[in-house]
Asker: 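Quick one: this structure, given as structure tokens, is what I'll be asking you about.
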Amino acid sequence: QLQLVESGGGLVQAGDSLRLSCVASGISFSNYTMGWFRQAPGKEREFVSTISWARGTSYYGDSVKGRCTISRDNAKNTAYLQMYNLKPEDTAVYYCAATSDYYSDYEGSYECWGQGTQVTVSS
């Protein structure tokens, strides 16, 4: 399976935008649906977004609808999460993941996970 490495996290202020990247090693990136999840300390891991491997169809969790855009560049083996109008509630470790399913918002469906990148949004 793929090795995933997230980057792009950091400290931002409320209302800012941020783009997270997930670089995958391997030769079958285009065959994986990619997902983003996040987890704040003491809280359950939460689904953020996913983009399918088939047609690039995207889905978003209710907490981020209207504030996130997921995309992928198969030539670069990279998935992105563009976030807008960040809020303090968005503070979390963001994880990139890959699944062979067409679509999933369930973390148990994802077979490969990155190490996470910290996003901190100040008020």
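From a predicted model like this one, the values you see are computed outputs, not experimental measurements. Note that the numbering runs from 1 along the sequence shown for the chain.
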Asker: Indicate whether any N or O donor in one side chain lies under 3.5 Å from an N or O acceptor in the other, for Y103 and D105.
Answerer: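 Short answer, yes.
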Asker: Is the centre of the Y95 ring less than 6.0 Å from the centre of the F37 ring?
Answerer: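 Ring centroids of Y95 and F37 are no less than 6.0 Å from each other.
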Asker: Minimum heavy-atom separation for R38 to A92, with atom names?
Answerer: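 Minimum heavy-atom separation between R38 and A92: CB-CB, 3.8 Å.
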Asker: In this structure, are over 12 heavy atoms from other groups packed under 6.0 Å from Y102 atom OH?
Answerer: yes
Asker: With the side chain counted from C-beta on, respond yes when F29 and K76 share a heavy-atom pair under 4.5 Å apart, and no when they do not.
Answerer: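 Answer no - side chains too far apart.
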Asker: So, taking the atom named CD in Q13 and the one named OG in S123, what distance separates them when rounded to the nearest 0.5 Å?
Answerer: 10.0 Å
Asker: Between atom OG1 of T99 and atom CH2 of W113, what is the distance when rounded to the nearest 0.5 Å?
Answerer: 10.0 Å
Asker: Grab the two heavy atoms, one from S52 and one from T33, that are nearest each other, plus how far apart they are.
Answerer: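 What the structure gives for the nearest pair is CA-OG1, 3.3 Å.
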Asker: Consider only side-chain N and O atoms of Y80 and R19, and report whether a donor and an acceptor are under 3.5 Å apart.
Answerer: no
Asker: Same cluster or not: Y59 versus I70, using hydrophobic residues (I, L, V, M, F, W, Y) connected whenever any side-chain heavy atoms lie under 4.5 Å apart?
Answerer: no
Asker: Side chains of T50 and Y110 only: does a donor on one sit below 3.5 Å from an acceptor on the other?
Answerer: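 The answer is yes; a qualifying pair exists.
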Asker: Check this for me: does any side-chain nitrogen of one of D90 and K87 sit under 4.0 Å from a carboxylate oxygen of the other?
Answerer: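 Result for this pair is no, no salt bridge flagged.
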Asker: Nearest heavy-atom pair of V23 and T78: which atoms, and what distance?
Answerer: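 So the minimum-distance heavy-atom pair works out to CG2-OG1, 3.8 Å.
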Asker: Show which residues join L11 in its hydrophobic cluster (side-chain heavy-atom contacts under 4.5 Å, direct or indirect), or state none.
Answerer: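 None, because no other hydrophobic side chain comes under 4.5 Å of this residue.
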Asker: If you take all heavy atoms of V119 and G9, which pair is closest and at what distance?
Answerer: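 Distance-wise, the nearest heavy atoms are CG2-CA, 4.1 Å.
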Asker: Could you tell me whether a side-chain N or O of S104 sits under 3.5 Å from a main-chain N or O of D101, the two making a donor and an acceptor?
Answerer: no
Asker: Nearest 0.5 Å please: distance from the CG atom of N74 over to the OG atom of S30.
Answerer: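 If we round to the nearest 0.5 Å, N74:CG and S30:OG are 5.0 Å apart.
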Asker: Is it true that the NZ or CZ of R72 lies under 6.0 Å from the centre of W36's six-membered ring and within 45 degrees of the ring axis?
Answerer: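 So R72 doesn't make the cation-pi contact.
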Asker: First locate atom CD of Q39, then atom CD of E107, and finally report the distance between them rounded to the nearest 0.5 Å.
Answerer: 7.5 Å
Asker: May I ask you to check whether E46 and S63 show a side-chain donor-acceptor distance below 3.5 Å?
Answerer: yes
Asker: I'd like to know whether D16 forms a side-chain contact (heavy atoms from CB on, under 4.5 Å) with M83, so could you lay out the CA-CA distance, the side-chain angles of the two residues, the decisive distance to 0.1 Å, and finally the verdict.
Answerer: CA-CA 8 Å; D16 283 356; M83 305 182 70; over 6 Å; no
Asker: Enter the distance from N77:CG to L4:CG here, rounded to the nearest 0.5 Å.
Answerer: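 Rounded to the nearest 0.5 Å, the CG-CG separation comes to 10.0 Å.
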Asker: Taking N85's backbone N and O only, do any of them form a donor-acceptor pair with R67's side chain (distance below 3.5 Å, no angle check)?
Answerer: yes
Asker: SG of C112 to CD of Q3: how many Å apart, nearest 0.5 Å?
Answerer: 8.5 Å
Asker: Are T117 and L20 side-chain neighbours, meaning at least one heavy-atom pair lies under 4.5 Å?
Answerer: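 The answer is yes; the side chains approach within 4.5 Å.
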Asker: Heavy atoms, side chains only, cut-off 4.5 Å: are L86 and L18 in contact?
Answerer: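 Result yes, sub-4.5 Å side-chain heavy-atom pair found.
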Asker: With a 3.5 Å cut-off and no angle check, do the side chains of S71 and Q82 form a donor-acceptor pair?
Answerer: no
Asker: Please examine the side chains of S100 and E111, heavy atoms only from C-beta on, and report whether any two atoms are closer than 4.5 Å.
Answerer: yes
Asker: Does C68 reach the side chain of L81, with side-chain heavy atoms less than 4.5 Å apart?
Answerer: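 Result yes, sub-4.5 Å side-chain heavy-atom pair found.
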Asker: Does Y84 reach the side chain of T69, with side-chain heavy atoms less than 4.5 Å apart?
Answerer: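 Sidechains of T69 and Y84: in contact.
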